[in-house]
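Have a look at the structure that comes next, please.
As a basis for the values below, the full set of heavy atoms in this structure was taken, side chains included, without hydrogen atoms, waters or symmetry mates.
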Amino acid sequence: MRTVSAFLCVFFFMFIGVCSAQQTATQPVAEQQKAVAKEIPDKPTAVQSKPTVVPVIVEQTGEDTVGGRLAYHLKELFSKSALFTVTVKDEKKIKILLDTQVEFQGRPSTSSIYSAVWVYSENEGTLKYYLASESGLVHGVSVKDTAEILANRTHEVFTRYSYLFE
C-alpha cells in the first residue's frame, strides 16, 4: 500500500511539473507573436520590381525573300511588344544574329533555312557572349508563326540570363 501511495505521489508531482512546463513554454511564444504583430506596419509599401523590358536588336544576313520577311516580322513583333524594345544604342542588349538562305534555288519564295544565334552585348567595343542558338526551316506561309517562336525563345534566353542586365 505504501508503494502505491508513493507511486501516486511521484506521478502527481510529475504531472504538475509537465503541465507547468507546458504553460511557461507557450507563454513566451504568445508574447513573441504579439511583439511581431506590433512591428508590422499598417500601411502597405510599394514593392520595388526590376524592369522586364528586354533591349534587343536583330541583325539579318541573307539575300532570300522568306528570310527577309522573317527578320522583318521578328523586328515588328519586338517593336510592338511590351516585353521588348528594339534599340541601336550602345547599351546592354541581346543581339539576334539571323542568317537565312534559300532552301531550294529553283523555288526561292517557298522556304528558307535559318540559323538564329543569341549573343549578349555589353557595348559595341566588347566581346559578345554566346547565349543560345537554333536553326530551322521557315516556309513562306509560316513566317509570322516562326517569328513568334523566335520572339518567345528570346524571352526565354533573357529570363535565363537576366542577371547580366543588373
Side-chain angles (χ1 to χ4, degrees), residues 26 28-166:
T26 58
V29 173
E31 290 174 5
Q32 289 175 357
Q33 289 175 348
K34 288 178 184 177
V36 169
K38 290 179 183 177
E39 293 175 10
I40 298 174
D42 286 341
K43 298 177 185 176
T45 58
V47 176
Q48 298 293 331
S49 64
K50 297 177 184 175
T52 57
V53 178
V54 183
V56 296
I57 188 165
V58 178
E59 295 179 359
Q60 191 248 349
T61 56
E63 301 288 325
D64 58 316
T65 56
V66 177
R69 287 177 48 213
L70 176 62
Y72 172 78
H73 285 293
L74 189 57
K75 290 175 188 177
E76 188 176 73
L77 274 173
F78 287 146
S79 65
K80 288 181 178 180
S81 175
L83 297 174
F84 303 101
T85 180
V86 178
T87 182
V88 292
K89 296 178 186 175
D90 192 15
E91 64 180 347
K92 294 179 180 181
K93 63 184 159 239
I94 292 178
K95 281 189 171 186
I96 303 163
L97 308 174
L98 188 64
D99 189 20
T100 60
Q101 190 175 24
V102 175
E103 182 183 20
F104 299 110
Q105 294 297 332
R107 297 179 282 172
S109 299
T110 306
S111 59
S112 290
I113 301 168
Y114 72 88
S115 171
V117 178
W118 287 265
V119 294
Y120 170 73
S121 175
E122 183 80 29
N123 58 42
E124 292 304 316
T126 60
L127 185 65
K128 310 307 179 246
Y129 296 98
Y130 171 85
L131 301 175
S133 64
E134 180 177 310
S135 60
L137 185 65
V138 58
H139 298 282
V141 295
S142 65
V143 171
K144 289 184 180 180
D145 295 336
T146 306
E148 288 176 0
I149 290 168
L150 293 175
N152 183 43
R153 177 85 163 121
T154 303
H155 194 263
E156 289 173 0
V157 168
F158 170 73
T159 303
R160 183 173 183 185
Y161 297 102
S162 61
Y163 64 89
L164 294 171
F165 291 88
E166 294 176 351

Item checked: Exceeds 12 heavy-atom contacts within 6.0 angstrom, atom NZ of Lys128 -> yes
Next item on the list: Output the distance between atom CG (Leu98) and atom OG (Ser115), rounded to the nearest 0.5 Å.
Entry: 8.0 Å
Check: Say you draw a straight line from OH of Tyr120 to CG of Leu127; how long is it, rounded to the nearest 0.5 Å?
Finding: 12.0 Å
Check: Which pair of heavy atoms, one from Ile149 and one from Glu134, lies closest together, and at what distance?
Finding: CG2-OE2, 4.4 Å
Next item on the list: Hey, could you give me the CZ/CD1 distance between Arg153 and Ile96, rounded to the nearest 0.5 Å?
Entry: 11.0 Å
Next item on the list: Measure the CZ-OG1 distance between Arg69 and Thr146 for me, rounded to the nearest 0.5 Å.
Entry: 10.0 Å
Margin query: Between Thr110 and Glu103, is the side chain to side chain donor-acceptor pair (under 3.5 Å) condition met? List the steps.
Written below: CA-CA 8 Å; Thr110 306; Glu103 182 183 20; over 6 Å; no
Notebook entry, point to check: Between Glu122 and Tyr129, do the side chains contain an N or O donor and an N or O acceptor separated by less than 3.5 Å?
Noted result: no
Next item on the list: For residues Phe84 and Phe158, establish whether the separation of their ring centroids is below 6.0 Å.
Entry: no
Notebook entry, point to check: Could you state the interatomic distance from CD1 (Ile57) to CD (Glu91), rounded to the nearest 0.5 Å?
Noted result: 10.0 Å
Margin query: To the nearest 0.5 Å, what is the distance between OG on Ser133 and CG on Asp99?
Written below: 12.5 Å
Check: Looking only at heavy atoms, what is the nearest atom pair of Ala151 and Leu77, with distance?
Finding: CB-CD1, 4.3 Å
Item checked: Exercise: identify the closest heavy-atom pair between Ser112 and Leu137 -> O-CD1, 3.3 Å
Note to self: Against His73, only a single residue in Val143, Leu150, Asp145 fulfils side-chain contact (heavy atoms from CB on, under 4.5 Å); can you say which?
What the structure shows: Val143
Notebook entry, point to check: Checking side-chain contact (heavy atoms from CB on, under 4.5 Å) against Leu131, which of Val119, Val117, Leu164 comes through?
Noted result: Leu164
Note to self: On a heavy-atom basis, which atom in Thr65 and which in Ser109 lie closest, and how many Å separate them?
What the structure shows: OG1-OG, 3.7 Å
Checklist line | Ion pair Glu124/Lys93, N-O distance below 4.0 Å | finding: yes
Next item on the list: Taking Lys92 for its side chain and Pro55 for its backbone only, find out whether a donor-acceptor pair lies under 3.5 Å.
Entry: no
Item checked: Side chain Tyr114, main chain Val138, donor-acceptor under 3.5 Å -> no
Check: Do Lys80 side-chain atoms and Phe78 backbone N/O form a donor-acceptor pair below 3.5 Å?
Finding: no
Margin query: Between Val66 and Thr100, is the side chain to side chain contact (heavy atoms under 4.5 Å, CB included) condition met? List the steps.
Written below: CA-CA 8 Å; Val66 177; Thr100 60; over 6 Å; no
